[in-house]
Amino acid sequence: MSRASLVADLRTHIDQLSGQIDAQKQRLRDLEQQRSDTRSRLNAILDPMAHLPLELQSQIFLCVVWTSHKPRVDPNDTPMILLNVCHLWRVIALSTPRLWAAICMDSYPRKANTVGYNQLCKSWLQRARNLPLSLGLDGCLKFRANVQALVTEYQDRLQSLTLNVDSILGIQIRMPGPLPALRSLTIRSDNTLYLDSDDEANLLDVLQASPGVSRFSMFNLFRKYDVEYLDRPPLTLPHLEDLRFGDPSPAMDANSASLLQYLCLPALKNLSLSALSIPDEELVSFLARSSPPLESLSVVALDVLWPTPLVDQCLRLIPTLTSLTLSAVFAGGINDLFHSFFEILGSPNLLPQLRRITLWASRRTKINYEELLSMLRTRRTTPLGSFELIFVPDFGIAESPSVSYAHPDTEVKAALRQLVTDGIRIHVGPAGDNLL
């Protein structure tokens, strides 16, 4: 056999072998597909999820996402992890736009500039289809071009925005444009951030870009004491109904209320101030120019105590108030403060619609129960239905068994119980322990 014939035969044999290998590979692929289909049929029989209507399965996925932490762009977290469990779950997840209507993005340069991360964010938002969007941004809020492009692309659908400010980098907020659909705005810092005049101007610019906002919350942001006030006219937000500066509770997240002097809020219904950190006359001016239909007011008094004339003047500007909460756990002159409140609230003509009064006080506070009783008896002719005087341990001071709460005596307890019989729900004592 010649050399040429041998080469031809060998090549023919190789082609035959290659064909047989390809056939076996295809046979293997067919078997693997059959195994996958059979496994899916078995799972459909054994998996209780497979017997549920798709609408119910979608609702279960939504409950998982809504009860977990912030929805981050992470393949190992919800909702993205749902895409990798099985084919059925992937189909359900991708056909549930509400799963993708909320997203928390990192705007730190190390992440925000990566092509893969940007593509993940864009794919995420596309899955929400035409639903309103909730967006959270962490880190440096001086938007990178790619982050700004995403916000700009979806700004007409952005309904809720949370800005988690880096306490080192500062505010640095530069909004890409107006946010006509925005209804809820939250600005927070994990650590205390002190604002200068530029920061305040940035915050006001964000609000100005959101004329339809109805809820605004700000946490852990303080105004520097030596900063000059801005020279700009008050910004009117005609739809803002709920304004919260910090969390007014004994576990206080104190916060600056300095922005009030730059705002006019004619629709405001709920106001929470975790630190009364503006000049007295500015609070009166804010209430006077806004003339809001305020229903709920919560205030933390620190070392800044309201003198009686200011309390009276402020409360007379909000006759629609139905709920009043005062936390004076940290105030030095707390006894005088409560004396002022008991005296002022003893007038039934003041706050005629008031239904609930809640006072948080240090366990060391000395309460004049005769003044308290006089105020409550006068209020029996008003809609008042609830009064709470809640004592809490002194902030930053270890509990001491030798320091007892300001217990009412037997006669006062009897008088308070009579008021309970008359229809006022009364709690006096630590939270969860009514001394009555």
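The model shown is predicted, which means the values in this text are computed figures rather than measured ones.
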Specify the closest pair of heavy atoms between [X] and [Y], including all atoms of both residues, with the distance to one decimal.
X	Y	answer
T320	P292	OG1-O, 4.1 Å
L83	A93	CD2-CB, 3.8 Å
P79	W124	CD-CH2, 3.2 Å
V412	Y369	CG1-CB, 3.7 Å
S296	N270	CB-OD1, 3.3 Å
A267	P238	CB-O, 3.2 Å

Subject >> Lys/Arg-Asp/Glu bridge criterion (N-O < 4.0 Å) met for D205, R232 >> reply: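 Salt bridge flag = yes for R232 with D205.
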Original post:
Passes side chain to side chain contact (heavy atoms under 4.5 Å, CB included), L373 versus Q418? Steps please.
Top reply: CA-CA 11 Å; L373 282 170; Q418 180 58 51; over 6 Å; no
Check: [X] side chain, [Y] main-chain N or O, donor-acceptor pair, under 3.5 Å:
X	Y	value
R157	R129	yes
R417	L436	yes
T378	S374	yes
S290	L287	no

Counting C-beta onward and ignoring hydrogens, is there a side-chain heavy-atom pair between [X] and [Y] closer than 4.5 Å?
X	Y	result
V428	K413	no
I81	T78	yes
T382	L354	no
Q59	C63	yes
F341	M375	no
F387	L372	yes
E282	Y262	no
L376	L416	yes

**OP:** Verify the distance criterion only: is there a donor paired with an acceptor across the side chains of R425 and S386 at less than 3.5 Å?
**Re:** yes
Subject >> Exercise: do Q353 and T322 side chains pair donor with acceptor under 3.5 Å >> reply: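 Q353 vs T322: no donor-acceptor pair found between side chains.
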Original post:
Please walk me through it: do L185 and L179 pass side chain to side chain contact (heavy atoms under 4.5 Å, CB included)?
Top reply: CA-CA 11 Å; L185 173 64; L179 304 172; over 6 Å; no
About how many Å separate [atom2] of [Y] and [atom1] of [X], when rounded to the nearest 0.5 Å?
X	Y	atom1	atom2	answer
T96	R127	OG1	CZ	12.0 Å
S347	R316	OG	CZ	5.5 Å
T152	L158	OG1	CG	10.5 Å
F219	T162	CZ	OG1	9.5 Å
S217	R188	OG	CZ	8.0 Å
R289	L263	CZ	CG	7.5 Å

**OP:** Test Y154 against I103 for side chain to side chain contact (heavy atoms under 4.5 Å, CB included), laying out the working first.
**Re:** CA-CA 12 Å; Y154 294 99; I103 182 175; over 6 Å; no
Original post:
Where do L345 and L315 land on the side chain to side chain contact (heavy atoms under 4.5 Å, CB included) test, with the steps shown first?
Top reply: CA-CA 9 Å; L345 294 177; L315 296 182; 4.2 Å; yes
